[in-house]
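Working notes, structure below.
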Amino acid sequence: MSAAGDAMKPSPGGIVNAMTVDVEDYFHVSAFDAVVSRAGWDDFDSRVTRNTDRMLELFDQANVRATFFVLGWVADKFPALVRRIGSAGHEVASHGYHHQLLYMLTPKQFREDVRAAKRAIEDASGRPVLGYRAPSYSVIESSMWAIDVLIEEGHVYDSSIFPIHHHRYGIPAAPRHAHVMQRPHGTLVEMPASTVRIAGVNLPIAGGGYFRLLPYGWARWGIRRVNLVEGKPVVFYLHPWELDPEQPRMNVGATTRIRHYAGLRQTTQRLRRLLDDFRFDSVATVLKLVQEVAA
Ligand SMILES: [Zn+2]
């Protein structure tokens, strides 16, 4: 699509939203931790390159740039994929190395994980990593020390806080929009996962299982509301495995099965529609950090 075509896209309130992808394989998902050990990752048939390429194709067709939060393990194993993402004009950021929930780690273990991830991703892409997203949004009140580690390890922004109630993540009282966090050793921009606030309760609108399980109209209504009523961008997120209905099935309980596998056949179609209904760019662009990416 031409630049002129892009300018014609609907843009409620003139807002450009952030499109993000957590680049991991179907067997990295936190909900499978009980049945998949880290030592066993190499035994699975990896599908992350073909699924991420599928995503790159969809973004290319819609003339959209996104942020890809890549797992360090994926960057070390498939550096050519990371290069393809970067050379298509997307931002490459970090999803940590081993996909461990932060509140299960010590600050020292977390530092080792994010340092290894940043190195692996920067080696593969040849460009500095500015942003980080925790596995399963696991920056919660008891793991806020992670923000200090991210600053010390050279990150500029974080997108790991989900201001909702959820059994695995969430800080319900956290600010709902991008803001600067002042910490003893510096600052970090926080770009929280997007919600709408109804009757004092924050409800998720933009990504992952919520996008697959709830009607498309919910995401569209929520994004329009945040763009038009609040005048703010949303952060949308998806995983490459969410475009892959053929992925091998894990032996997990019914709730996890529904959360992970429901709606996979319609994700591609829904994503196309979303890319048509709203304007998106990378987090660095939305936060106006682009100069630093180019430097
Ligand atoms: Zn993840």
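Only a predicted model underlies this, so the values are computations on that prediction, with no experimental measurement involved. In each ligand, atom 1 is the first atom listed, and ligand 1 is the first ligand listed. FYI, side chains are in, hydrogens and waters are out, and symmetry mates aren't considered; it's all heavy atoms of this structure.
- Between F78 and W73, the ring planes lie perpendicular to each other; the angle is over 60°, past the 30° to 60° tilted range.
- A distance below 6.0 Å separates the ring centres of F236 and F211.
- The closest side-chain heavy-atom distance from M55 to H90 is not below 4.5 Å.
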In residues 31-39, what donor-acceptor pairs under 3.5 Å come from side-chain atoms, sequence neighbours left out?
residue, atom, partner, partner atom, Å
S37, OG, G40, N, 3.3
R38, NH1, H98, ND1, 3.3

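- For the Zn ion (ligand 1), the nearby protein N/O/S atoms, meaning those under 2.8 Å, are E24 OE1, H95 NE2, H99 NE2.
- Residues forming a side chain to side chain donor-acceptor pair (under 3.5 Å) with N202 (at least two apart in sequence, or on another chain): R197.
- Listed by chain and residue number, nothing satisfies the side chain to side chain donor-acceptor pair (under 3.5 Å) test with R220 (two or more places apart in sequence, or in another chain).
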